[in-house]
Each structure stands twice: as C-alpha cells, then as structure tokens.
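This is a predicted model, so every value here is computed, not measured. These values consider heavy atoms only, across backbone and side chains, with no hydrogens, waters or symmetry-generated copies. Ligands are counted one by one from 1 in listed order, and the atoms in each one are counted from 1 as well.
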Amino acid sequence: MKYFKKLIGNKCYLSPINIEDAEKYTEWLNDLEVSKYLSLSREQITLQKEKEILEDMSKTRAQVFGIIDKKTDNLIGNCSLFSINHPNKRAEFGIFIGDKRYWNKGYGTEATKLILDYGFNILNLNSIMLEVYSFNKRAIKSYEKIGFKTIGKRRQAKIIGGKKYDIFYMDILADEFKSIYIKQLLEC
Ligand SMILES: CC(C)(COP(=O)(O)OP(=O)(O)OC[C@H]1O[C@@H](n2cnc3c(N)ncnc32)[C@H](O)[C@@H]1OP(=O)(O)O)[C@@H](O)C(=O)NCCC(=O)NCCS
C-alpha cells in the first residue's frame, strides 16, 4: 500500500508524502503549465533534487500531504502547511494539482478544506495565509469559496511572459472555517 487515508473527503484523501513519488513530482514541476502558477518555474528540478526536497520536507516540521484520488488511489498533487509558528498559532499554505486532468473538478477545493481542517482542528492553528499570483483566477476562486479573504497585495512582484502581475495575500481564521471531516470524527 502506497498511500494512507489520513484525511478523507468525498473525492480525494490526503496521505503522508511518499518519497517513491519523486519522479511524478519531477514531471509535474517541469511542466510550465503547472509551475507557472508556483514560485518554482525558474528552477531546474532534477529527479535527484526532487528526491532531496522530499526527504528534507519529511524531516522538517512542515506538514506535507499527497492528494490522492479516492476512486483510483492515484496521486494527483500535493498540499502543505509550512512556516508553522506554534506560539502565534499561524502557518502558510501551498497546493498544486500536477495531474491537469483533475483541474476544475473540485479536487483542489476539497483538498484545501481537508488540510485546513487538519491545521485548525488538529494542530490548533488560528491563522493560515497563502500567496497567489493575480493571474491565477482558478486558484483565487477556489480560495474565496473556502472563505479566504484578500488581506493585501504586493504590486508587480511577479514578472512572467513580459508582463507584471501582483501577488495577492489571502488568509483565513479558525472561526471562519467550517470543519468537513475532523469534527464528524468526534461525534460519538
Ligand atoms: C489551483 C488549484 C489547486 C485549484 O484546484 P481545482 O481542483 O482545479 O479547482 P476547483 O475545481 O476546486 O475550483 C476552481 C473554481 O474556479 C473556477 N474557475 C476555473 N477557471 C476560472 C477562471 N479562469 N476564472 C474564474 N474562475 C475560474 C471553477 O469554475 C471552480 O469554481 P466552481 O466550483 O464554483 O465552478 C489547481 O487548479 C492547481 O493546482 N493549479 C495549478 C497550480 C496552482 O495554481 N497552485 C496554486 C498556487 S497559489
């Protein structure tokens, strides 16, 4: 068994990352259609480098999960909480669905809700923040549906394809989030 059902939704579940998936991640992170939305588009991600990244991630205190399609048990992407600051109960969030066949089908929104549920109701965080490029309309829509609010922007801080774009900062607080999984587990 490659994947483990740590947080379970209707379409997908989140599993601890598996270092054996390094090749799949390397393929996705070298696909500019995916990486243009991430800070990694200018990086050369080799298989060796990706293995090291995954090993480092599994050793740090970042919370990193594979996103697994429930129907097929296939890995489709990755999401994480990082820069976790426990005294102030805050963290940052990142996500990508590398398998483009799964875009626009609700998987990203559900995976985000699952990891927020974990952050707010297991790690007891209070504030989770993300950065998103202004041209990433799909991601912004998904985040707004979940309850993230835009709290500011850094103007013209992303330059790609000869154009300048803003970086938006969005956050969500624990009391603005409705649990989809963990609170049900506690109902006896
Ligand atoms: C961003 C991402 C995680 C979203 O996940 P997803 O499963 O594709 O998105 P969902 O289907 O859950 O939700 C997307 C919503 O945006 C809408 N949408 C799609 N394209 C849009 C556009 N150009 N403008 C406005 N809304 C758009 C969809 O209709 C959907 O809303 P709906 O459910 O109300 O119809 C995923 O597309 C992804 O990984 N993209 C590449 C990497 C990336 O952008 N990572 C995030 C970096 S901040």
Worksheet item: Within a radius of less than 6.0 Å around NZ of Lys153, do more than 12 heavy atoms belonging to other residues, nucleotides or ligands occur?
Response: no
Worksheet item: Any idea how Phe148 and Phe93 line up, ring-wise: parallel (<30°), tilted (30 to 60°), or perpendicular (>60°)?
Response: parallel
Worksheet, complete the sentence: Sorted by chain and residue number, the residues having a heavy atom closer than 4.0 Å to an atom of ligand 1 are Tyr37, Leu38, Ile95, Phe96, Ile97, Tyr102, Trp103, Asn104, Lys105, Gly106, Tyr107, Gly108, Thr109, Glu131, Val132, Asn136, Lys137, Arg138, Ala139, Lys141, Ser142, Tyr143, Lys145
If you look only at distance, which donor and acceptor atoms sit under 3.5 Å apart when one is on a side chain in residues 122-136 and the other is two or more places apart or in another chain?
residue: Ser134; atom: OG; partner: Asp166; partner atom: N; Å: 3.2
residue: Ser134; atom: OG; partner: Asp166; partner atom: O; Å: 3.3
residue: Asn136; atom: OD1; partner: Ala139; partner atom: N; Å: 3.3

Item to complete: List in chain and number order the residues that pass side-chain contact (heavy atoms from CB on, under 4.5 Å) with Glu23, two or more places apart in sequence or in another chain; answer none if no residue qualifies.
Response: Leu47
Worksheet item: Of all residues at least two apart in sequence or in a different chain, which pass the side-chain contact (heavy atoms from CB on, under 4.5 Å) check with Lys183?
Response: Asn121, Ser179
Practice prompt. Flag the pair Asp99 and Arg101 as a salt bridge only when some basic side-chain nitrogen lies within less than 4.0 angstrom of an acidic carboxylate oxygen.
Written response: yes
